[in-house]
Amino acid sequence: PTAHGRDMAARGCLARLRKEYKTFEPPPYIRAAPLESNLQEWRYVLQGPPDSPYEGGMYQGKVRFPDDYPFKPPSIYMLTPSGRFKTDQRLCLSISDFHPETWVPTWSVASILNGVLSFMLEETTTVGSMEASADERKRLAKRSHAFNRKTPLFCELFADLVAEQAAAAAAAGEEGGGGAEEEAARR
């Protein structure tokens, strides 16, 4: 494609993402926001649903949208250890850039993230997934809050979740919810 064609595609992508951000209604257990410096990269948080090994956990990830979104799918990553996905590695999902042939341009950020959450709750293996016991996933769910709080961008984009978790930890008599591990990270 010519430079003019790429510029047109990028403008279309940014217009679509701006519209999606303005109208974004997060599905249950999902939060998301674009980076202030780059509308084509969004951070998301999957909150572990009840009765799952992820219950109580918060799992941060990122979605990178190509210049020709919505006509081409995004790349999807998980950043918080979950026992389900490898961290900071592209995930092979039918809604990701691994499978442009199954991509549907009417899918939105909300439908993409709903798909990621659904896949997280399954046991299907794919590139970027991993196997772990339910006990290991529950242990990682408990540690997810402290892990995310070490990330300044997480704290900036999802300050309300950080405050909620800190209040819940204080009510439970924990030190900020992270204990000695988090205290050491602050030093």
Side-chain angles (χ1 to χ4, degrees), residues 13 16-17 19-35 39-66 68-148 151 153-154 157-158 160-162 164-165 168:
C13 168
R16 166 75 179 259
L17 289 170
K19 180 181 177 189
E20 286 199 49
Y21 182 52
K22 285 180 185 167
T23 61
F24 184 70
E25 299 240 354
Y29 310 112
I30 297 172
R31 303 288 287 283
L35 300 186
L39 194 58
Q40 286 179 249
E41 183 172 319
W42 287 47
R43 293 297 170 104
Y44 64 86
V45 177
L46 304 180
Q47 295 171 280
D51 302 319
S52 78
Y54 312 103
E55 183 172 1
M58 282 197 290
Y59 306 95
Q60 177 189 189
K62 64 185 170 187
V63 180
R64 288 192 178 146
F65 296 93
D68 38 12
Y69 175 81
F71 302 106
K72 296 261 173 81
S75 52
I76 303 167
Y77 302 78
M78 180 63 70
L79 302 175
T80 306
S82 65
R84 177 67 177 111
F85 298 118
K86 296 175 183 172
T87 57
D88 212 17
Q89 192 172 109
R90 283 175 45 231
L91 302 178
C92 176
L93 306 171
S94 61
I95 52 174
S96 76
D97 60 346
F98 271 89
H99 292 286
E101 73 282 359
T102 60
W103 175 250
V104 178
T106 56
W107 286 342
S108 64
V109 173
S111 59
I112 292 164
L113 296 177
N114 224 3
V116 175
L117 179 60
S118 294
F119 195 80
M120 185 175 182
L121 298 173
E122 296 175 5
E123 291 298 326
T124 310
T125 57
T126 188
V127 173
S129 71
M130 60 187 295
E131 292 183 20
S133 69
D135 286 343
E136 176 65 5
R137 290 175 179 178
K138 288 175 184 175
R139 186 181 69 74
L140 290 168
K142 288 179 182 155
R143 300 176 85 182
S144 65
H145 301 278
F147 179 89
N148 291 327
T151 309
L153 187 56
F154 178 88
L157 290 174
F158 305 106
D160 57 328
L161 291 177
V162 173
E164 272 176 37
Q165 198 282 321

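Of the possible donor and acceptor atoms, none in the side chain of Glu55 sits under 3.5 Å from a partner among the backbone N and O of Gly48. Between the side chain of His145 and the main chain of Gly56, a donor-acceptor pair closer than 3.5 Å is present. Remark: side-chain polar atoms of Ser111 are not paired, donor with acceptor, to backbone N or O of Trp107 under 3.5 angstrom. In this structure a side-chain-to-backbone donor-acceptor pair under 3.5 Å is missing from Gln165 to Leu161. Side chain of Trp103 to backbone of Pro70: a donor-acceptor contact under 3.5 angstrom is found. Not a single donor-acceptor pair under 3.5 Å links the side chain of Arg43 to the backbone N or O of Ala33. In this structure, Thr80 contributes its side chain and Gln60 its backbone to a donor-acceptor pair below 3.5 Å. With hydrogens and angles ignored, the 3.5 Å screen pairs no side-chain donor or acceptor of Thr151 with any backbone N or O of Phe154. Between the side chain of Thr126 and the backbone N or O of Ser129, no donor-acceptor pair lies under 3.5 Å. For the pair Asn114 (side chain) and Ala110 (backbone), a donor-acceptor distance under 3.5 Å is absent.
The minimum heavy-atom distance linking Leu140 with Tyr59 is given by the pair C-OH, 4.5 Å. Scanning both residues, Ser82 and Met120, for their nearest heavy atoms gives CB-CE, 3.8 Å. The shortest heavy-atom contact between Met58 and Gln47 is CG-CG, 4.2 Å. The nearest pair of heavy atoms linking Arg84 to Glu123 is NH2-C, 3.8 Å. Nearest approach of Leu46 to Leu113, heavy atoms of both residues: CD2-O, 4.2 Å. Smallest separation of non-hydrogen atoms from Ser94 and Thr102: O-OG1, 2.7 Å.
Between Tyr29 and Pro27 there is no side-chain heavy-atom pair separated by less than 4.5 Å. Between Trp42 and Leu35, the closest side-chain pair of non-hydrogen atoms is not below 4.5 Å. Residues Pro100 and Pro73 form a side-chain contact, since some pair of their non-hydrogen atoms from C-beta on lies under 4.5 Å apart. Inter-residue side-chain proximity for Leu17 and Leu39 is flagged as met; some heavy-atom pair is nearer than 4.5 Å. A heavy-atom distance below 4.5 Å is found between the side chains of Tyr69 and Glu20. Under the 4.5 Å side-chain criterion, counting only non-hydrogen atoms from C-beta, Phe65 is not in contact with Lys72. Between Ser75 and Val63, every side-chain heavy-atom pair lies at or beyond the 4.5 Å cut-off. Side chains of Leu121 and Ser52 form a contact here, defined as non-hydrogen atoms less than 4.5 Å apart.
Atom CD1 of residue Ile76 and atom CG of residue Leu93 lie 5.0 Å apart, to the nearest 0.5 angstrom. Atom CG of Asn148 and atom CG of Leu153 lie 11.0 Å apart (nearest 0.5 Å). Considering OG of Ser108 and NZ of Lys19, their distance stands at 10.5 Å, rounded to 0.5 Å.
With salt bridges taken as basic N to acidic carboxylate O contacts below 4.0 Å, one links Asp97 and Arg90. Ion pairing of Glu25 with Arg31 is absent here, as no side-chain N (NZ or NE/NH1/NH2) approaches a carboxylate O to less than 4.0 Å.
Annotation: side chain to side chain donor-acceptor pair (under 3.5 Å) contacts of Glu101 (sequence neighbours excluded): His99.
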Review point. Can you check side-chain contact (heavy atoms from CB on, under 4.5 Å) on Tyr44 and Val116, steps first, answer last?
Key: CA-CA 10 Å; Tyr44 64 86; Val116 175; 4.0 Å; yes
Review point. Passes side-chain contact (heavy atoms from CB on, under 4.5 Å), Val45 versus Ile30? Steps please.
Key: CA-CA 6 Å; Val45 177; Ile30 297 172; over 6 Å; no
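The number of heavy atoms from other shown groups lying within 6.0 Å of CD (Glu122) is above 12.
For the pair Arg64 and Tyr77, the cation sits on the ring face: its NZ or CZ lies under 6.0 Å from the ring centre, inside 45° of the axis.
Aromatic ring pairs are classed by plane angle as parallel below 30°, tilted from 30° to 60° and perpendicular above 60°; the pair Phe119 and Phe85 is parallel.
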